[in-house]
Amino acid sequence: MRVNVNDFFSEEDWNNVVNFSERHETPFQLILTDVIKQKYEELRTNLPYAKVYYAVKANPAPEVITMLNELGSCFDVASIYELRQLLALGVSADRMSCGNTIKKNTHIKEFYEAGVRLFVTDSESDLRNIAKAAPGSKVFVRLLTEGVMTADWPLSRKFGCHPDMAYDLLVLAKKLGLDPYGLSFHVGSQQRDIAAWDNAIAKVKYLFDWVTEEGIKLKCINMGGGFPAHYLEKTNSIETYATEITRYLREDFGDDFPEIITEPGRSLVADSGVLVTEVVLIARKSRTALERWVYVDTGKFNGLMETLNESIKYPLYTVKQGLAEKCILAGPTCDSVDTLYEDYQYELPLNLAAGDRIYWLSTGAYTSSYSAVAFNGFPPLKTYVI
Ligand SMILES: Cc1ncc(COP(=O)(O)O)c(C=O)c1O
């Protein structure tokens with residue numbers, strides 16, 4: 001089915017994309033900051049009580065950070081390298097949280113010395129490191145979540161801990177002189193089942209009550225990310241997510257619920273991006289082969305990492321129209337892992353040829369930020385911002 005760009009961009013924005021693209025060599029990512037601004041405002045309107053900590057890892061382009069900083073966003077920071085970038089851009093440390101549960105002692109110290117006082121943890125040894133290198137800081141304990149099957153990019157198992165362990169860590173945090181501030185979770189990125197928040201919030205409530213036995217009064221819920229971008233697979237609107245999540249919070253906490261943090265990455269920036277690629281080659285593997293292989297100049301190693309397991313299915317737009325046929329899409333490197341979609345077969349026009357462009361829509365998140373190495377000599381994905 002042919003993608004209608006009007007479902008993704010205003011006419012003016014799309015004209016800007018095409019005009020810009022025609023003057024630049026592929027591959028590159030083009031980010032439209034006005035789309036991010038719109039997404040930010042939409043989130044603020046629908047979750048007015050939540051403090052937004054943008055997950056920098058989704059797209060660390062300086063223009064994106066600067067704009068969100070000016071709009072009043074806070075930032076979820078994954079490493080000292082992101083920390084240094086944000087400080088250089090003038091973001092103040094009291095608007096950052098260190099959201100990675102896996103970190104070196106020396107890195108915790110650097111966060112602390114820069115002025116960051118909010119840390120997330122899910123293990124005893126990390127908690128002890130925080131107590132030493134960042135004394136007195138506020139800590140969130142991250143919970144394991146369910147919903148793996150309904151998230152297109154799951155984040156469970158590697159992060160978070162069972163409620164029993166969370167209880168022990170909160171008690172230990174208090175003993176170590178830290179401020180057991182709250183609980184955090186991430187229901188998985190591009191989470192299509194809103195009920196995943198219901199389960200997570202219920203666990204949080206259980207722990208909020210349980211730790212009062214130890215004289216601990218938690219103050220905040222960090223709900224992580226998980227809100228959707230506009231890909232091929234259907235999702236509910238942000239408004240519906242917000243309405244349901246607010247209902248879950250009310251059911252568990254009443255009207256006077258705790259401070260709420262949200263850490264959107266994908267939902268803020270994905271729809272602002274267009275990845276412009278060029279067809280390098282079209283081939284069939286035998287005289288009678290039914291499948292066409294379409295190779296483009298961007299693959300897993302320079303921007304399309306989230307095609308891993310065909311997890312994220314981006315909407316594709318080609319200028320050429322007419323009779324379309326299913327194809328296998330692959331990247332340009334000498335690595336067979338660099339096959340993008342084979343089970344899911346995109347239908348592309350039969351008259352598509354080498355040199356034609358394919359516009360990958362909704363590619364503003366987790367594309368350029370994953371594209372940091374020059375595998376096979378192909379340079380990391382270039383980003384332009386308009
Ligand atoms: C701790 C944390 N918060 C927020 C996010 C952003 O999630 P999303 O892109 O689903 O909004 C991530 C993504 O990896 C994360 O690890």
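When reading the values below, keep in mind they use all heavy atoms of this one structure, side chains included, and skip hydrogens, waters and symmetry mates. Counting starts at 1 for both ligands and their atoms, following the listed order.
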With heavy atoms only and a cut-off of under 4.0 Å, state how [X] meets ligand 1: side chain, backbone, both or neither.
{"X": "Met223", "value": "neither"}
{"X": "Ser189", "value": "both"}
{"X": "Leu155", "value": "side chain"}
{"X": "His186", "value": "side chain"}

*asked:* Tell me if the centroids of the rings in Tyr167 and Trp210 come within less than 6.0 Å of each other.
replied: yes

*Does the ring center of Trp197 lie less than 6.0 Å from the ring center of Phe227?*
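Between Trp197 and Phe227, the centre distance is under 6.0 Å.
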
*Do any nitrogen or oxygen atoms of Asp76 come within less than 3.5 Å of a nitrogen or oxygen of ligand 1?*
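Yes; the residue has a nitrogen or oxygen that sits under 3.5 Å from a nitrogen or oxygen of the ligand.
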
_Quick check: Gly224 and ligand 1, any N/O pair under 3.5 Å apart?_
no

_Between ligand 1 and Arg142, can you find any atom pair, the residue atom being a heavy atom, that is separated by under 4.0 Å?_
yes

_Checking side-chain polar atoms at under 3.5 Å, does Arg266 have a donor or acceptor matched by the opposite partner on Ser189?_
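Side chains of Arg266 and Ser189: pair found under 3.5 Å.
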
*asked:* Students should be able to answer this: which protein heavy-atom is nearest to atom 9 (O) of ligand 1, and at what distance?
replied: Tyr366 OH, 2.6 Å

*Return the residue, atom name and 0.1 Å-rounded distance of the protein heavy atom closest to atom 4 (C) of ligand 1.*
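For atom 4 (C) of ligand 1, the nearest protein heavy atom comes out as Glu263 O, 3.2 Å.
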
*Do Lys300 and Glu306 meet the salt-bridge criterion of a basic N to acidic O distance under 4.0 Å?*
no

*Identify whether the distance between the nearest side-chain nitrogen and carboxylate oxygen of Glu244 and Arg247 falls below 4.0 Å.*
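A salt bridge links Glu244 with Arg247.
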
_Inter-residue atom distance Phe9.CZ - Asn15.CG, 0.5 Å rounding_ = 12.0 Å

